[in-house]
Amino acid sequence: EKGNYRHFMEKEIHDQPEGCQRTIAAYVDTLTTRTKIPGDIDFAKIDRIQIVACGTAYIAGLLGKYLIERMADLPVDVEVASEFRYREPALNAGSLAIAISQSGETADTLAAFRYCQAKGMQSAALVNTVESTIAREADVIWPIHCGPEIGVASTKAFTAQVAMLSALAVAAARQRGKIDEAEENRLVRVLLEAPRLIAESINLEEAVRAIAVDVSKARDVLYLGRGPMYPMALEGALKLKEISYIHAEGYAAGELKHGPIALVDEATPIVILAPFDSYFEKSASNMSEVMARGGQVVFITDPEGERNAPAGARVVVTAPKCDPLIAPLVFSAPIQLLAYHVAVQKGADVDQPRNLAKSVTVE
Ligand code: M6R
């Protein structure tokens with residue numbers, strides 16, 4: 001039930017510290033501070049991972065790609081299932097297929113997953129619903145344990161999927177000899193800190209709500225980010241369009257000059273996601289370019305990023321400082337809350353957006 005919340009989506013955003021805590025507890029051993037990934041998968045032997053998914057689950061997969069490739073030096077391909085299933089992709093039986101699906105019933109994801117299995121690939125299902133078709137047909141089930149998600153806009157399932165993939169990246173890095181045990185222990189402690197930091201970032205709700213009042217007047221909104229904040233920009237835009245019906249686009253910030261900068265004017269809010277990481281300076285310079293053209297920037301960063309913000313950055317949301325491994329988890333709440341409060345401001349039906357279904361069981 002919704003308890004004191006107005007909408008399931010609001011409740012599910014607030015459920016995330018607990019949801020992620022359950023996910024992480026399932027994939028790390030708190031006594032040894034080591035990862036534990038169920039299933040007979042040798043990450044040192046597989047040559048590649050193929051992720052298939054739709055919508056927000058696809059974006060979680062993109063984040064998985066960024067983490068796994070950088071940390072474990074293991075190639076990961078991620079594709080929207082509706083394209084993958086029909087284009088006759090070239091696959092190798094030595095690769096691992098991962099289907100990501102909250103419901104475990106998405107028709108395109110299921111068909112893409114079966115296609116991988118027919119090619120002889122090992123298969124793992126990253127699902128919330130363990131009794132689902134995708135789970136039943138998988139060699140290995142990786143439940144996310146975040147509890148039922150009712151709101152059509154996915155929130156806590158997304159962060160739980162990302163939390164599991166973060167643990168998976170650490171496990172794969174360790175098995176492939178890219179990190180030693182001490183580093184694995186450190187990263188597991190970082191994962192265990194995530195629920196507390198997600199809770200802190202949910203506490204930014206009032207600041208985000210104030211920004212939402214302005215954003216709700218916009219016709220178009222751009223989201224920009226680099227590295228893992230690029231998939232997060234896609235997620236921010238998807239969330240906003242699905243529940244507030246404002247046209248939104250997520251772009252890799254480096255693509256700004258290759259097209260989207262033409263859209264920048266005083267009426268278009270530009271949400272820039274940029275923690276103080278190795279990409280920060282580049283994102284900050286994109287921000288200056290946008291501001292020079294009159295763009296209204298909503299800058300979502302961390303304390304160090306706020307101190308180093310280019311002059312003129314006014315609307316700042318400051319998420320807690322964290323290790324880059326969990327930055328996507330910590331930056332999720334502000335973008336979800338922004339979409340949520342814009343939709344509420346517009347009087348939209350947040351939990352049942354028009355034309356959308358929670359589970360898409362037809363293609
Ligand atoms: O149940 P699934 O995770 O397979 O669903 C995939 C998408 O339909 C889903 O994530 C959709 O994009 C959400 N409405 C996004 O908030």
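No experiment lies behind these values; they were computed from the predicted model shown. Positions are given from 1, in the same order as the sequence printed here. Side-chain atoms are counted along with the backbone in the values below, which use heavy atoms only and exclude waters and symmetry mates. Both ligands and their constituent atoms are indexed starting at 1 by order of listing.
The protein heavy atom nearest to atom 5 (O) of ligand 1 is Thr106 OG1, 3.6 Å. The nearest protein atom to atom 3 (O) of ligand 1, hydrogens excluded, is given as Gln102 N, 2.6 Å; this is a heavy-atom distance. Looking from atom 1 (O) of ligand 1 to the surrounding protein, the closest heavy atom is Ser103 OG, 2.7 Å. The protein heavy-atom contact nearest to atom 7 (C) of ligand 1 is Cys54 O, 3.6 Å. Looking only at heavy atoms of the protein, atom 10 (O) of ligand 1 is closest to Thr56 N, 3.1 Å. The nearest heavy-atom contact from the protein to atom 16 (O) of ligand 1 is Glu242 OE2, 2.3 Å.
Of all the atoms in ligand 1, the ones that sit under 4.0 Å from a non-hydrogen atom of Ala57 are 3 (O), 10 (O). In summary, the atoms of ligand 1 found under 4.0 Å from a heavy atom of Ser154, numbered by their order in the structure, are 15 (C), 16 (O). For ligand 1, the atoms closer than 4.0 angstrom to any heavy atom of Gly55 are 12 (O). Those atoms of ligand 1 that come under 4.0 Å of a heavy atom in Lys239, given as number and element, are 15 (C), 16 (O). Within the listing of ligand 1, atoms 1 (O), 2 (P), 3 (O), 4 (O) sit less than 4.0 angstrom from a heavy atom of Ser101. Ligand 1 places these atoms under 4.0 Å from at least one heavy atom of Ala153: 16 (O).
The shortest N or O to N or O distance between Val360 and ligand 1 is not below 3.5 Å.
Gln336 contributes atom CD, which lies 8.5 Å from atom OG of Ser154 (distance to the nearest 0.5 angstrom).
Within the 4.0 Å heavy-atom shell around ligand 1 one does not find Leu356.
Around NZ of Lys119, the count of heavy atoms belonging to other residues, nucleotides or ligands within 6.0 Å does not exceed 12.
When all heavy atoms of His14 and Pro17 are compared, the pair lying nearest together is O-CD, 3.3 Å.
For the 3.5 Å distance criterion, the side chains of Gln16 and Thr159 qualify, holding a donor opposite an acceptor. Judged purely by distance below 3.5 Å, without hydrogens or angles, the side chains of Glu184 and Thr35 pair a donor atom with an acceptor atom.
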